[in-house]
Amino acid sequence: RQTPRDRASRGRNMTKGTSSFGKRHSKTHTACRRCGKISFHLQKKVCSSCGYPGAKMRRFNWSNKALRRRTQGTGRMRYMKTLSRRFKNGFREGTQAPAKARASAAEA
């Protein structure tokens, strides 16, 4: 048996939870051209992760993990990975390394 209160609430959505989640089908963010994350806000036209189209990358010291994810050494390091070896040899270019003495020649 229904009470007047049950009849009044029937057919109305009074919740903020489960039934409201079914209405969410529009996209707020899409893929960013610079960082590739789904963080580019379609209405604001700004990436919430990297700050694109701003010239400078978005970074804050209050988020150490975010800094760690995209700091130096997380990419290919096309220039940096050869630097220590080149430094060790005095940044020589266009020459051949001096020949090392053989072990058998050193003994004799």
State yes or no: do Met80 and Phe87 share one hydrophobic cluster built from I, L, V, M, F, W and Y residues joined by side-chain heavy-atom distances below 4.5 Å, directly or via other members? yes

Going through the distances and angles, do Leu67 and Arg59 end up as a side chain to side chain contact (heavy atoms under 4.5 Å, CB included)? CA-CA 7 Å; Leu67 295 178; Arg59 67 191 301 270; 3.5 Å; yes

For Val46 and Pro53, which heavy atoms make the closest approach, and how far apart are they? CA-CD, 4.2 Å

Would you call the rings of His41 and His29 parallel, tilted or perpendicular, taking 30° and 60° as the class edges? perpendicular

Pairwise distance CZ(Arg70) to NZ(Lys65) - rounded to 0.5 angstrom: 14.5 Å

Step through the shown structure and confirm whether more than 12 heavy atoms of other residues, nucleotides or ligands are within 6.0 Å of CZ on Arg33. no

Using a 3.5 Å distance criterion without hydrogens, assess whether the side chain of Thr71 forms a donor-acceptor pair with backbone atoms of Arg68. no

Distance (rounded to the nearest 0.5 Å) between Tyr52 OH and Ser39 OG: 14.0 Å

Arg92 atom CZ: more than 12 heavy-atom contacts under 6.0 Å: yes

Any donor and acceptor pair, going by atom type alone, linking the side chain of Ser20 with main-chain N or O of Thr15 inside 3.5 Å? yes

Any side-chain heavy atom of Ser49 within less than 4.5 Å of one from Cys32? no

Is any side-chain heavy atom of Leu42 less than 4.5 Å from a side-chain heavy atom of Thr28? no

Quick check: do Phe91 and Arg86 have side-chain heavy atoms less than 4.5 Å from each other? yes

For the NZ atom of Lys37 and the SG atom of Cys50, what is their distance to the nearest 0.5 Å? 9.0 Å

Value rounded to 0.5 Å, distance of CZ in Arg69 from CG in Asn64: 11.0 Å

Which class fits the ring pair Trp62 and Phe60: parallel under 30°, tilted 30 to 60°, perpendicular over 60°? parallel

